[in-house]
Asker: 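Encoded as structure tokens, here's the structure I'll be asking about.
Order of the sequence lines fixes the chain letters, A, B, ..., with proteins taken first and strands second; residue numbering starts at 1 for each chain.
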2 protein chains.
Amino acid sequence: MDNSHDRPGVRDVTLAPADERAAADQADAFASVRNAHESEVAEDYVELIAELVDSNGEARPVDLAERLGVKPPTVTKNISRLVRNGLVRRERYRSIFLTEKGVALADACRRRHRIVVATLIALGVDSETAERDAEGIEHHVSDETLVAFEQFVTSRG
Amino acid sequence: MDNSHDRPGVRDVTLAPADERAAADQADAFASVRNAHESEVAEDYVELIAELVDSNGEARPVDLAERLGVKPPTVTKNISRLVRNGLVRRERYRSIFLTEKGVALADACRRRHRIVVATLIALGVDSETAERDAEGIEHHVSDETLVAFEQFVTSRG
DNA sequence: TATGAAATTTAGCCAAGGCTAACTCAAGGG
DNA sequence: CCCTTGAGTTAGCCTTGGCTAAATTTCATA
Ligand SMILES: [Mn+2]
Ligand SMILES: [Mn+2]
Ligand SMILES: [Mn+2]
Ligand SMILES: [Mn+2]
């Protein structure tokens with residue numbers, strides 16, 4: 001299929017690698033998703049810790065576990081990773097608090113969460129479903145897409 | 001802390017269970033996300049297998065690996081799970097094909113994928129970013145949200 | 001202040017989904 | 001017809017993030 005006349009200036013040479021390019025782009029997209037997965041737990045935890053600190057003055061593992069729908073040992077294990085990554089501070093058998101880095105991440109996540117929920121609602125999704133879907137969607141919304149969402153929700157009262 | 005008797009209006013009766021309700025809803029949302037994660041690989045694989053069969057007449061593990069950005073042994077292992085779940089058919093050292101169940105899932109996933117991409121583009125996201133973000137977002141879009149997306153993209157030419 | 005309940009952590013299990021190294025198989029060219 | 005080469009698989013490793021059971025610690029209160 002010779003379509004070199006379709007795009008003057010673009011030679012057939014581009015055709016063979018076009019497939020490879022597409023494959024590479026697709027691989028990149030999948031890699032991005034896998035990458036996002038690695039940050040998901042961290043993001044949800046710091047977001048939730050920030051919420052609990054705001055409303056309760058502290059974030060207890062037992063409350064995190066209840067809100068996340070997991071068992072306390074799971075929280076302990078995941079918190080250890082957050083400590084390793086410098087996102088939270090912990091004293092044994094006591095509550096958990098965010099480091100500065102953790103606060104920064106939490107703020108960004110909360111903002112993104114709100115914008116995603118607002119966008120879904122603006123698109124006609126009911127608020128319960130919006131909240132539920134947003135919890136997963138948020139982690140895959142790039143900065144650029146977030147800007148588009150923001151534009152959309154603000155540009156309509 | 002038993003304050004069940006000093007109730008000047010709403011405070012105690014509604015607040016205590018309201019919190020639990022909110023916590024339970026939140027836990028449900030997180031559980032949904034974890035659940036979606038378990039289907040993600042299956043969805044991406046059958047979607048990709050369908051695409052490869054359409055364009056190449058067959059889906060070879062080596063091509064799946066290239067498109068997914070993973071190594072061949074990873075594909076082999078994941079395909080084994082898909083076989084276990086009745087989504088694909090395989091003869092050793094040969095190509096992979098979808099079962100009826102796999103075709104059904106692939107069709108649904110491809111449709112959803114297209115709608116999510118179209119929605120992002122309609123919201124002003126450029127098509128590369130839309131494609132990239134959609135690869136992750138799609139798995140967290142509920143049926144109801146998908147309907148809203150569909151409405152949105154069709155109701156604007 | 002002693003004790004028991006609740007919270008937290010530890011230990012040890014599991015499945016998913018990545019990887020590399022090494023092996024097996026299929027197929028085409030010489 | 002063999003042999004090389006590339007595709008596919010197997011074996012075995014790792015991390016993540018779930019779980020249960022059991023140990024440990026804190027804290028309220030009797
Ligand atoms: Mn989330
Ligand atoms: Mn969130
Ligand atoms: Mn996907
Ligand atoms: Mn997809």
Side-chain angles (χ1 to χ4, degrees), chain A residues 23 27-46 48-49 52 56-85 87-97 135-136 139, chain B residues 1-3 20 23 27-46 48-49 52 56-85 87-97 135-136 139:
Chain A
D28 264 9
F30 284 120
S32 290
V33 176
R34 288 193 296 272
N35 211 281
H37 282 161
E38 288 176 17
S39 329
E40 270 190 45
V41 169
E43 292 177 352
D44 286 337
Y45 273 62
V46 297
L48 192 46
I49 291 167
L52 288 171
N56 302 352
E58 62 174 358
R60 300 186 308 164
V62 68
D63 295 326
L64 281 173
E66 189 197 4
R67 299 297 200 99
L68 291 164
V70 300
K71 302 297 180 183
T74 298
V75 170
T76 296
K77 190 181 287 191
N78 287 334
I79 290 295
S80 297
R81 218 177 16 263
L82 300 196
V83 169
R84 220 165 56 220
N85 297 341
L87 292 168
V88 310
R89 214 163 9 91
R90 166 177 58 175
E91 290 163 45
R92 285 168 62 102
Y93 294 98
R94 287 200 160 68
S95 285
I96 296 149
F97 296 93
E135 201 55 76
H139 309 283
Chain B
M1 49 174 103
D2 177 18
N3 42 17
E20 284 168 33
D28 265 10
F30 284 119
S32 291
V33 176
R34 289 193 297 272
N35 211 279
H37 282 161
E38 288 175 16
S39 329
E40 270 191 45
V41 168
E43 292 178 351
D44 286 336
Y45 273 62
V46 297
L48 192 46
I49 290 168
L52 287 171
N56 301 353
E58 61 175 355
R60 299 186 307 165
V62 68
D63 295 326
L64 282 173
E66 188 196 6
R67 299 294 201 98
L68 291 163
V70 300
K71 302 297 179 182
T74 298
V75 170
T76 296
K77 189 181 287 192
N78 288 334
I79 290 295
S80 296
R81 215 175 21 259
L82 299 197
V83 169
R84 220 165 58 220
N85 297 341
L87 292 168
V88 310
R89 213 163 10 89
R90 166 177 57 176
E91 289 162 45
R92 284 167 64 105
Y93 294 98
R94 289 204 157 65
S95 285
I96 295 149
F97 295 95
E135 201 54 76
H139 309 283

Asker: What is the distance, rounded to the nearest whole Å, between atom NE2 of A:His37 and atom P of D:dG18?
Answerer: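 Result: 12 Å.
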Asker: Can you measure from CD (A:Glu38) to NE2 (A:His139) and round to the nearest 0.5 angstrom?
Answerer: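 The CD atom of A:Glu38 sits 14.0 Å away from the NE2 atom of A:His139.
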Asker: Check the distance between C:dA7's C1' and A:Glu66's CD and give it to me in whole angstrom.
Answerer: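 Going from CD in A:Glu66 over to C1' in C:dA7 covers 14 Å.
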Asker: Scan nucleotides 3-9 of chain D nucleotide by nucleotide, 5' to 3', and note B when protein non-hydrogen atoms come under 4.0 Å of the base, S if they reach only the sugar-phosphate, - if neither.
Answerer: ----SBB
Asker: Measuring to OP1 and OP2 of D:dC19, would you say a side-chain N or O of A:Thr74 lies under 4.0 angstrom away?
Answerer: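 Checking D:dC19 against A:Thr74, a side-chain N or O does come within under 4.0 Å of OP1 or OP2.
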Asker: Round to a whole Å and report the spacing from CZ of A:Arg34 to P of C:dA16.
Answerer: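 Distance, rounded to whole Å: 18 Å.
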Asker: Out of curiosity, B:Asp44 CG to A:Phe30 CZ, how far, rounded to the nearest 0.5 Å?
Answerer: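 Rounded to the nearest 0.5 Å, the CG-CZ separation comes to 4.5 Å.
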Asker: Provide, to the nearest angstrom, the distance between the CD atom belonging to A:Glu38 and the P atom belonging to C:dC19.
Answerer: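 After rounding, the reported distance stands at 11 Å.
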Asker: Roughly how far apart are B:Glu58 CD and B:Arg94 CZ, rounded to 0.5 Å?
Answerer: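 The distance works out to 10.5 Å.
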Asker: Could you state the CG-P distance from B:Leu82 to C:dA16, rounded to the nearest angstrom?
Answerer: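 Taking atom P of C:dA16 as the reference, CG of B:Leu82 is at 11 Å.
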Asker: In terms of side-chain heavy atoms, does B:Ser95 have a donor or acceptor partner in B:Arg90 at a distance below 3.5 Å?
Answerer: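 No donor-acceptor contact under 3.5 Å links the two side chains.
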Asker: Rounded off to whole Å, could you give me the CG-to-P distance for the B:Asn35 and C:dA15 pair?
Answerer: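 Nearest whole value for this atom pair: 18 Å.
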Asker: How close do A:Pro61 and A:Ile96 get, counting heavy atoms only, and between which atoms?
Answerer: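 Taking every non-hydrogen atom into account, CG-CD1, 3.7 Å.
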Asker: Just the rounded figure in Å: distance from C1' of C:dG18 to CG of B:Leu68.
Answerer: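 So the CG-C1' distance, B:Leu68 to C:dG18, works out to 12 Å.
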Asker: If I take atom CZ from residue B:Phe97 and atom CG from residue B:Leu52, how far apart are they, to the nearest 0.5 angstrom?
Answerer: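 If we round to the nearest 0.5 Å, B:Phe97:CZ and B:Leu52:CG are 11.0 Å apart.
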Asker: What is the distance, to the nearest angstrom, from the NZ atom on B:Lys77 to the C1' atom on D:dA11?
Answerer: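 That distance rounds to 9 Å.
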